Amino acid sequence: MQSIRKQLISNYVAVALFTVLLLESMFMVVITQYYLGGVERVLVNHAETAANFFNRYADAGDIYTKSNYIFENIDIEEKALVEVLDLNGRVVIDSTGSSTGEIVTTGDFIQALSGRMGTWRGRSEMDELITAVSAPIYDDNNIVGVLRYVSSLEPTYKVIIQYMMVTALVGVVVICVAFVFGRAMSKRILIPIQELVRVTGEVAQGNYKVTAIKYHNDEIGQLVDAVNIMTKEITRADQAKNEFISSISHELRTPLTSIKGWAETLQDMKDDPDVTEEGLRIIGKETDRLIILVNDLLDFSKLQAHRITLKKEEFSIKHLLEDIHNQFAVRCHQEKIKMTVLTDNKESWVFADYNRLKQVFINIVDNAMKFTAGRPKAEIKISSQVLDDQIVMIIEDNGSGISPEDLKRVKEKFYKGSSNKSGTGLGLSIASEIMELHGGKMLIDSTQGKGTKVVLVMPYFYELQQNYED
Ligand SMILES: Nc1ncnc2c1ncn2[C@@H]1O[C@H](COP(=O)(O)OP(=O)(O)OP(=O)(O)O)[C@@H](O)[C@H]1O
Ligand SMILES: [Mg+2]
């Protein structure tokens, strides 16, 4: 496996190398053409001007006659060797006088013989880089010889080579910078990725209590945030699961222990009618508790799977609240809690699932009783009123209240906060979901040490003006 870091660095260097090579070769081609072309252009100008002049003014005759005139009148170009060639390419005369008799067969000469300006680039007999320009010499419209300018390209090539060296140096510097930059960039990208690999590896091993360090506020930073939220959620879900298992085991064990204990007692003391009656009463009560628990769990799984369907009917909220009052009357009496139910002087009708709404009230009132029992002047007030097109139902207690930290989370499933009372932590989450299924909502307000207020809001069906006293 090739590491991302190596890939990033080699990509950076490859791109830089390609760009540098491309730009530098283009630059070198332009420079070479410019300099060599420049030398050739100068020679062509000279050759053209001189040939035109001689073709017009030189004495008539063969090339030998003309060559004398040419060399008497020619403007000798310092850096160039000037030669006059006959039609065989033999040097008739030149500006140094040393190469006379030499035979020239290069491309420029051949082109000049065909009446055109000829240019050629190559190596001399001394292995020197040269360029030559040839122009035809006419006598009465017949080519009788060639005027040839030869110049060394060595100084020009030296200049070009200097350019090449400077350009290559610049190229090396650019590639080094690309390498350093590539390393820095790869480090910037790689360290956060390595951190994510570490954290996800830990999570894969089952250690959820890890947090990834966020290095930069970029896309990888966002990924780090998402991973951190995910690990927190997993930790929370894991904790909730553990709490749920321990609370459900406790919830199951308490009534089961009681039932088992009473069953054994009843076996031993079959003949005592008082014991039998008390035993059966407790077994019945504990069985009810178990049924409620199992129903809660069933409801919860149905709500999770969105399998709860409401059996809606028209009923009066006043009727529902009376039902609740009656259901809790005995328990209120036993636990010395005052319960008052207050509705405005109207029958408020709703189109809702009676049993599900009753379940919401049972869950909330059960909480109110659990957390109010035993406190001085324990009281639970239940009220309902119509506001605009909503029906608002309030269950208020003066119990222990909920701490601000717990208040934020009490609607979460299996969340019991700091409560050590019996329960699975499902009541409020089920109640809240049922209210939402009805197009309503459940709001909770609480002050620790003072009490809790649960507000249920849902659309009402219609209102029947009726005086209670009637
Ligand atoms: N009226 C209240 N007064 C004080 N605390 C409350 C009140 N209602 C709810 N709570 C807090 O909110 C938590 C969640 O309540 P919820 O009804 O969801 O679960 P539970 O009562 O613990 O268990 P379950 O209702 O499933 O038997 C409770 O454990 C308690 O800490
Ligand atoms: Mg509850």
Side-chain angles (χ1 to χ4, degrees), residues 236-237 239-256 285-304 308 324 327-328 331-332 335 337-341 356-383 393-436 441-456:
R236 228 153 92 164
Q239 202 179 336
K241 183 198 75 188
N242 292 340
E243 280 169 13
F244 170 69
I245 292 173
S246 78
S247 90
I248 203 89
S249 329
H250 177 79
E251 290 299 306
L252 288 170
R253 203 178 45 208
T254 318
L256 286 174
K285 201 179 115 202
E286 297 296 0
T287 314
D288 284 346
R289 219 168 119 182
L290 284 174
I291 290 170
I292 291 172
L293 180 67
V294 172
N295 283 341
D296 265 3
L297 288 173
L298 267 174
D299 279 346
F300 167 70
S301 73
K302 276 189 193 164
L303 281 167
Q304 287 287 298
I308 280 201
I324 295 292
Q327 180 154 344
F328 281 94
R331 193 169 150 196
C332 280
E335 300 191 7
I337 299 173
K338 185 178 163 199
M339 183 185 277
T340 49
V341 176
R356 288 290 173 199
L357 217 54
K358 186 173 169 185
Q359 187 183 3
V360 170
F361 272 95
I362 290 175
N363 282 349
I364 297 168
V365 175
D366 175 64
N367 282 349
M369 297 205 64
K370 261 198 304 199
F371 297 99
T372 310
R375 290 177 69 88
K377 294 191 179 162
E379 187 174 4
I380 298 171
K381 288 184 205 157
I382 305 175
S383 64
M393 297 157 282
I394 301 173
I395 302 101
E396 205 173 350
D397 66 61
N398 59 355
S400 62
I402 307 170
S403 71
E405 305 84 67
D406 284 348
L407 190 59
K408 283 184 225 149
R409 301 187 53 195
V410 280
K411 280 202 249 172
E412 285 175 27
K413 40 199 170 290
F414 306 124
Y415 188 80
K416 290 183 66 180
S418 47
S419 155
N420 51 10
K421 300 265 194 285
S422 71
T424 52
L426 278 174
L428 289 180
S429 84
I430 292 175
S432 165
E433 301 234 19
I434 293 175
M435 286 310 292
E436 276 167 28
K441 58 188 168 189
M442 181 182 82
L443 310 163
I444 307 174
D445 189 18
S446 185
T447 313
Q448 208 168 11
K450 287 203 165 165
T452 305
K453 184 173 171 181
V454 181
V455 182
L456 302 172

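These numbers come from a predicted model, not from an experiment. We're numbering straight along the sequence, starting at 1. We count ligands from 1, going down the list as the structure has it; atoms in each ligand are counted the same way. Scope of the values below: all heavy atoms of this structure, side chains included, with no hydrogens, waters or symmetry mates.
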Check: [X] side chain, [Y] main-chain N or O, donor-acceptor pair, under 3.5 Å:
| X | Y | value |
| --- | --- | --- |
| N398 | K377 | yes |
| R375 | G449 | yes |
| S301 | L298 | yes |
| S429 | L426 | yes |

[X] versus ligand 1: do any nitrogen or oxygen atoms come within less than 3.5 Å of each other?
| X | answer |
| --- | --- |
| I402 | no |
| K416 | yes |
| L428 | yes |
| L426 | yes |
| S400 | no |

Nearest heavy-atom neighbours spanning [X] and [Y]:
| X | Y | answer |
| --- | --- | --- |
| T372 | E379 | CG2-N, 3.9 Å |
| K411 | L428 | CA-CB, 4.4 Å |
| F328 | M339 | CB-CE, 3.8 Å |

Task: Audit row: E436, M442, side chain to side chain contact (heavy atoms under 4.5 Å, CB included) steps and yes/no - done: CA-CA 8 Å; E436 276 167 28; M442 181 182 82; over 6 Å; no
Open item on the list: Is any side-chain heavy atom of E412 closer than 4.5 Å to one of R236?
Closed with: yes
Open item on the list: I'd like to check T340 versus I382 (side-chain heavy atoms, cut-off strictly below 4.5 Å). Are they in contact?
Closed with: no
Write out the residue and atom name of the closest protein heavy atom to [atom], then the distance separating them to 0.1 Å.
| atom | result |
| --- | --- |
| atom 9 (C) of ligand 1 | N367 ND2, 3.5 Å |
| atom 14 (C) of ligand 1 | Y415 O, 3.3 Å |
| atom 30 (C) of ligand 1 | F371 CZ, 3.3 Å |
| atom 27 (O) of ligand 1 | G423 CA, 3.2 Å |
| atom 11 (C) of ligand 1 | V410 CG1, 3.8 Å |
| atom 24 (P) of ligand 1 | T424 N, 3.6 Å |

Open item on the list: With the threshold set at under 4.0 angstrom, would you say G425 reaches ligand 1 through any of its heavy atoms?
Closed with: yes
Task: Sub-4.0 Å heavy-atom approach of K370 to ligand 1 - done: yes
TODO: Run through the protein N/O/S atoms less than 2.8 Å from the Mg ion (ligand 2) and write them out by chain and number.
DONE: N367 OD1
Task: Salt-bridge present (K453, D397; N to O < 4.0 Å) - done: no
Task: Under-4.0 Å salt bridge between K416 and D406 - done: no
Task: Side chain, backbone, both or neither: the part of D397 lying under 4.0 Å from ligand 1 by heavy atom - done: side chain
Open item on the list: We want to know whether Q359 and N295 form a side-chain donor-acceptor pair, criterion being a heavy-atom distance below 3.5 angstrom.
Closed with: no
Task: Distance-only side-chain donor-acceptor flag, D445 / T452, under 3.5 Å - done: no
Task: Atoms of ligand 1, numbered as shown, that sit under 4.0 Å from any heavy atom of A368 - done: 1 (N)
Task: Residue S419 vicinity, atoms of ligand 1 by number, heavy atom under 4.0 Å - done: 29 (O), 30 (C), 31 (O)
